[in-house]
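Here the structure is laid out as structure tokens; the discussion comes afterwards.
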Amino acid sequence: MPRAFLTSGGNESKMKSHSLEDFRTMTEIYDFAAIEAKWQKAWEDERAFEAREDPSRPKYYCLEMYPYPSGRIHMGHVRNYSIGDVIARQKRMAGASVLHPIGWDALGMPAENAAIKHGTHPQTWTLDNVAHMRTQLKRMGISYDWSREVNTCLPDYYRWNQWIFLRMLERGLAFRKESWVNWCSQCQTVLANEQVVGGGCWRCDTPVTQKKMEQWFLKITAYADELLSGHAALGKWPEHVLQMQKNWIGRSTGAHVRFGLDGTSKDIEVFTTRIDTIYGATFLVVSAEHPVVPDLVAGPKEKELGAWVARTVAEMRKRRDIGETEKDGVDTGKTAVNPFTGERVPVWIANYVLMDFGTGAIMGVPAHDGRDFEFARTYRIPIRTVIAPADRAGERFDAEPAEVFEQAGVLVNSGPFDGLASDKAMDEMGKFAEEKGFGRRSTIFRLRDWGISRQRYWGTPIPVIYCDGCGIVGVPDADLPVELPFDVKLTGEEGSPLERLESFVHTTCPKCHGPARRETDTMDTFVDSSWYFFRYCSPRETALPFRPEAAKHWLPVDLYIGGVEHAILHLIYSRFFTKVLRDFGLTDISEPFPHYLAQGMVTKDGSAMSKSKGNIVDPDEILARYGVDALRLFILFASPPDKEFAWAEEGLEGCYRFLVRVWALVLEDLDVFSAPAAAPGGPGDAAAQVIKKTHQTIRKVTEDIGIRFHLNTAISSIMELCNLTRKERDALRATDSGRQALRQALESIIRLLSPFAPHLAEELWERTGHQGLLMLSAWPAYDPALARDEMATVVVQINGKVRDRFEALPDLPEAELEAAALALPKIQAALGGKPPRKVISVRNKLVSIVS
RNA sequence: GGGCAGAUGGCGGAAUUGGCAGACGCGCUAGGCUUAGGACCUAGUUCCUGAUGAAGGAGUGCGGGUUCGAGUCCCGCUCUGCCUACCA
């Protein structure tokens with residue numbers, strides 16, 4: 001544990017030399033707690049964090065994912081918000097008008113669970129947590145514009161969820177449908193597909209079961225294509241996040257083809273991405289949940305088939321989304337006609353065909369699909385090759401193949417389509433099916449519409465009224481918000497608490513004024529977070545969810561920072577909402593977050609910090625011992641923002657020590673800040689070196705923050721400048737020009753450090769005689785001429801091995817470098833008098849000799 | 001099964017465009033200061049050979065390749081992490 005002072009004192013009398021140590025003994029202690037409190041108050045008094053629409057400056061919207069008010073902030077928050085704050089503070093100093101807001105994702109199940117467990121009202125629990133976490137964030141000195149704070153559990157926020165919902169309802173983007181839903185028996189609620197993780201509830205891990213219910217859905221599938229094509233504008237997103245979204249949307253191009261079911265007038269429609277293989281379709285498989293199943297089961301074997309189907313359906317419902325199950329199928333004895341060949345193929349029912357993807361029926365082409373191959377082998381179904389590798393197109397393929405061939409190739413055994421390449425055939429055969437009227441080329445998506453109904457209390461009431469006469473009626477805008485009633489009993493029993501609250505349910509129809517019932521489901525909380533970044537632009541707007549001109553000014557978000565765990569859910573929903581709001585005419589942007597920085601996990605001892613692992617480090621405790629600036633600095637220094645961050649207390653101490661060294665170094669040299677301007681005369685070696693390093697450091701830190709977002713290397717370069725300055729300090733103090741260089745170096749260290757360690761930096765800024773807040777002063781500029789190295793180190797290699805090096809003037813022509821290199825004694829010795837076979841020279845870098 | 005990312009000293013990591021591998025920090029070693037110190041200061045710290053030094057050799061998960069030159073590009077593996085998973 002560090003001590004917040006530098007020495008034990010006791011030798012103040014030893015002042016004869018000017019060594020750093022001796023000065024240190026006189027230096028005031030680094031009292032981070034007092035400094036933090038002082039500057040946090042100063043920033044608040046000056047309203048320094050407030051964003052103003054200022055047309056004279058470029059805008060910058062820096063956003064971090066808003067927190068769920070669970071009670072206390074954790075290291076993941078600290079990391080997220082520290083990264084964002086460095087960017088926001090640096091941009092502000094660099095001249096941008098910065099919007100850096102914060103709010104609370106305050107609706108959701110934990111509040112309700114806490115209510116059930118402890119008898120506290122969800123609202124009380126949530127608002128208490130918000131109050132505590134707000135204090136914690138303020139204590140971290142994050143430069144949030146608190147005047148724009150939003151809280152989604154307050155009616156002045158969630159009324160706009162309702163407003164947006166009603167507009168979607170009017171346009172058919174919100175609709176009601178009965179469907180099988182994912183049900184968590186622990187949380188007693190429906191889960192969206194995205195909230196089912198590995199077959200369990202994303203929150204409590206309880207195995208998810210299926211239940212049929214009437215639900216509200218948002219038509220995200222209407223935007224499936226655009227959500228995919230929009231990726232083109234997301235060049236600054238991590239590739240793996242785009243890939244995840246792409247997989248989630250799951251666009252497949254192929255064809256629908258109808259097979260006539262013998263003995264009935266019905267068709268079985270299949271979807272395939274490989275219509276080129278259709279001559280090899282030797283069976284059909286339908287899902288056990290398919291509507292045609294009763295027709296297939298009917299007949300002599302009805303009893304056993306029916307039993308099999310019932311068992312399989314039950315099994316599929318229970319085990320949905322859980323790993324690989326044994327493939328199981330049953331031959332119905334029925335046949336269907338392949339419209340391309342006229343051939344009759346057996347129809348099977350199986351457990352591996354999903355009802356909710358494609359048509360719920362597939363054609364089995366065992367020769368060219370691994371699963372079909374396996375299935376055909378098990379049940380002794382014929383396997384027929386219809387695609388040959390391109391280089392074997394002329395051969396005969398009459399025998400059953402020994403293994404599956406899944407690649408594209410050239411068609412064989414395919415009647416008139418023989419000899420076509422797969423891609424050509426897909427097109428031709430699709431057209432053929434369209435002409436004959438038994439199929440069509442088509443595109444389908446894996447993406448499902450977004451089920452938003454939740455049978456819970458602590459969410460946005462869905463603003464809909466059911467009237468026996470008028471049907472489903474949206475609540476009129478004038479009656480918004482539909483407020484959550486406060487006096488509710490939370491027992492944890494099945495069903496919504498609102499449903500049991502007669503005073504809430506009972507209402508009158510807005511159309512006919514007859515008695516009617518309110519919808520008692522509430523919205524998925526992902527609705528709240530799908531548009532909160534719009535609200536920040538005009539958080540007190542009362543006529544609309546946000547003022548369109550304000551949104552036009554601030555959006556899109558220039559940099560969005562947050563955990564990759566939201567790569568699918570939140571980020572896809574937000575993109576969807578943005579497009580919907582655009583189509584409402586409220587905004588003209590299509591993508592809310594052109595630049596997304598996916599922050600890495602915070603781990604300790606090899607695994608993510610979590611309560612269950614018992615490896616939590618409480619930020620409050622660290623703050624008390626080392627101060628905010630040390631914590632911020634360390635969490636940014638230890639690894640780049642997008643990589644995993646492993647907590648190690650020793651590293652934190654290193655950062656603390658660095659801050660103390662900066663503190664001491666500046667305070668011991670306060671006199672150079674009051675000295676008159678440098679006397680004329682060339683700078684000494686030390687001064688020249690320090691000046692150059694200062695300008696190089698400004699350049700590096702500016703680029704590392706603003707271009708590369710490598711905050712760790714920005715910090716290490718400030719450390720380097722500090723190290724050099726400390727080393728050269730005595731030499732610098734000896735001359736006027738040296739003192740000038742020292743002053744410049746120290747001032748730069750303070751300014752460059754200010755986004756990372758803002759409190760310490762402000763204090764030193766003030767103590768070095770500056771007026772006004774450092775955070776509102778200009779970001780330092782560097783002089784490219786001064787940052788330039790006046791000599792370049794040129795490496796000389798022989799056969800790829802470094803044999804010598806020499807200093808050369810910058811940009812010396814290659815021929816001169818070569819001559820200089822060949823003249824070096826070491827090189828001559830190594831060459832042994834023989835002329836080199838080849839020499840390659842690169843300006844400012846190296847001479848490579850092949851002997 | 002598929003996708004993505006990664007693998008560099010004792011540890012976290014750096015190397016931005018194919019050009020001095022190991023910046024910066026931690027840890028460790030020695031010395032100084034000190035009643036003492038887990039504080040602070042100075043020096044050292046990739047590995048191997050060399051008593052030390054001078055010097056030499058090896059070296060970025062493994063195997064190949066391209067190149068004057070590869071941590072970086074290409075091909076093939078291994079392992080780790082994350083995501084996804086009967087997607088027709």
Side-chain angles (χ1 to χ4, degrees), chain A residues 1-3 5-8 10-11 19-21 24-25 197-198 238-244 246-248 250-252 254 270-274 285 316 321-327 350-354 356-365 369-372 374 444-446 564-565 567-568 600-601 634 637-640 642-655 657-658 660-661 664 700 703-704 707-708 710 712-713 715-720 722-723 726 793-802 805 836-842 844-851:
Chain A
M1 195 189 289
R3 287 179 292 173
F5 49 84
L6 290 158
T7 73
S8 57
N11 50 355
S19 79
L20 203 55
E21 275 158 81
R24 193 146 276 148
T25 61
V197 177
E239 190 51 46
H240 67 283
V241 174
L242 291 177
Q243 193 60 47
M244 277 188 234
K246 205 171 159 186
N247 292 342
W248 192 263
R251 184 178 201 266
S252 305
V270 303
F271 174 76
T272 177
T273 53
R274 289 297 301 275
V285 194
M316 286 171 80
D321 273 344
I322 298 183
E324 216 151 299
T325 45
E326 194 65 27
K327 284 185 182 47
N351 66 346
Y352 73 96
V353 176
L354 302 174
D356 58 7
F357 185 77
T359 61
I362 60 170
M363 62 181 200
V365 184
D369 179 283
R371 282 157 310 165
D372 295 346
E374 196 188 316
I444 64 165
F445 294 89
R446 201 193 85 113
V564 75
E565 66 272 19
I568 296 176
M601 270 196 311
F634 171 58
F637 174 65
S639 53
D642 55 340
K643 297 271 164 54
E644 173 183 307
F645 164 84
W647 181 264
E649 187 116 353
E650 302 80 30
L652 172 63
E653 291 199 28
C655 286
R657 284 202 289 265
F658 169 67
V660 172
R661 279 198 292 268
K700 175 145 178 69
E703 287 172 1
D704 278 357
I707 297 171
R708 300 203 307 150
H710 283 200
N712 55 331
T713 54
I715 294 169
S716 72
S717 65
I718 301 173
M719 287 173 169
E720 282 182 52
C722 184
N723 290 346
R726 269 153 46 88
T793 303
V794 175
V795 170
V796 186
Q797 297 180 341
I798 296 178
N799 296 335
K801 286 195 164 66
V802 178
R805 58 197 60 168
R837 282 201 290 157
K838 192 172 175 185
V839 180
I840 294 117
S841 298
V842 179
N844 299 330
K845 291 238 161 77
L846 88 163
V847 178
S848 182
I849 299 165
V850 188
S851 70

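Bear in mind the structure is a predicted one, so any value in this text is a computation, not a measurement. Chain letters run A, B, ... following the sequence lines, proteins first and then strands; every chain starts at 1.
Across B:A70 and B:G57, the matching P atoms stand 16 Å from one another, rounded to whole Å. Between the C1' atoms of B:G13 and B:U78, the separation comes to 24 Å (whole Å). Comparing the same atom, P, in B:A23 and in B:C75 gives a spacing of 32 Å after rounding to whole Å. For the C1' atoms, the distance from B:U72 to B:G22 is 15 Å, rounded to whole Å. Nucleotides B:U35 and B:C26 place their P atoms 27 Å apart, quoted to the nearest Å. Nucleotides B:C28 and B:U66 are separated by 41 Å at their C1' atoms, to the nearest Å. Separation of the P atoms belonging to B:G76 and B:C4 is 13 Å when rounded to the nearest angstrom. Nucleotides B:U8 and B:U80 are separated by 14 Å at their P atoms, to the nearest Å.
Rounding to the nearest 0.5 angstrom, the gap separating the NZ atom in A:K643 from the CG atom in A:N712 is 8.5 Å. Note that CE of A:M244 is 11.0 Å distant from CD of A:E239, once rounded to the nearest 0.5 Å.
Residue A:H240 contributes atom NE2, which lies 10 Å from atom P of B:G6 at whole-angstrom precision. The interatomic distance linking A:E703 (CD) with B:U16 (P) rounds to 13 Å, in whole Å. The CZ-C1' distance, from A:R726 to B:A43, rounds to 14 Å in whole Å. Here the P atom of nucleotide B:U84 and the CG atom of A:L354 are 16 Å apart, to the nearest Å. Distance CE (A:M244) to C1' (B:A85): 14 Å, rounded to an integer number of Å. For the pair A:K246 NZ and B:G2 P, the interatomic distance rounds to 17 Å; values are reported in whole Å. Straight-line distance from the NZ atom of A:K643 to the C1' atom of B:U8: 12 Å, rounded to whole Å. Nucleotide B:A7 holds its C1' atom 13 Å from the CD atom of A:E644, rounded to whole Å.
The base of B:U16 sits within donor-acceptor range of the side chain of A:K700, with an N or O pair under 3.5 Å.
In terms of phosphate contacts, A:R446 brings no side-chain nitrogen or oxygen within less than 4.0 Å of OP1 or OP2 of B:A88.
Residue A:H710 places its side chain closer to B:A15 than to any other of B:G13, B:A15, B:G12. With B:U84, B:G3, B:A88 as the candidates, the nucleotide lying closest to the side chain of A:Q243 is B:G3.
Not a single salt bridge (charged side-chain N to carboxylate O under 4.0 Å, His left out) links A:R805 to another residue, sequence neighbours left out. Residues forming a salt bridge (charged side-chain N to carboxylate O under 4.0 Å, His left out) with A:E644 (at least two apart in sequence, or on another chain): none. Contacts of A:F634 classified as ring-ring contact (aromatic ring centres under 6.0 Å, His included), with partners at least two apart in sequence or in another chain: A:F645, A:W647. The side chain to side chain contact (heavy atoms under 4.5 Å, CB included) test applied to A:S717 returns A:T697, A:K700, A:V701, not counting sequence neighbours. Looking at residues two or more places apart in sequence or on another chain, you find a side chain to side chain donor-acceptor pair (under 3.5 Å) between A:T713 and A:D704. Partners of A:F658 under the ring-ring contact (aromatic ring centres under 6.0 Å, His included) rule, at least two apart in sequence or in another chain, do not exist in this structure. Residues satisfying the salt bridge (charged side-chain N to carboxylate O under 4.0 Å, His left out) criterion with A:D369, sequence neighbours excluded, are A:R371.
Within 4.0 Å of A:V365, counting heavy atoms only, lies no atom of the nucleic acid at all. A:K801 comes within 4.0 angstrom of the backbone, heavy atoms only, and of no base. Counting non-hydrogen atoms under 4.0 angstrom, A:P238 reaches nothing in the nucleic acid. Note on A:A646: nothing from the nucleic acid sits closer than 4.0 angstrom, heavy atoms only.
Annotated as syn: B:G9, whose glycosidic dihedral is within 90° of 0.
Across every non-hydrogen atom of A:G358 and A:I444, the tightest pair is CA-CD1, 3.6 Å. Heavy atoms only, all atoms of each residue included: A:C655 and A:F637 are closest at SG-CD2, 3.9 Å.
Comparing A:P640 and A:N247 against RNA chain B, the residue whose closest nucleotide sits nearer the 5' end is A:N247.
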Item to check | Base versus backbone protein contacts along nucleotides 18-31 of chain B [heavy-atom cut-off under 4.0 Å; B, S, -] | outcome: -BB--BBSSS----
Checklist outcome for this item: Parsed dot-bracket for RNA chain B after applying the Watson-Crick and G-U rules with both distances under 3.5 Å and | for other-strand partners is (((((((..(((......[....)))((((((.......))))))((((.....))))..(((((..]....))))))))))))....
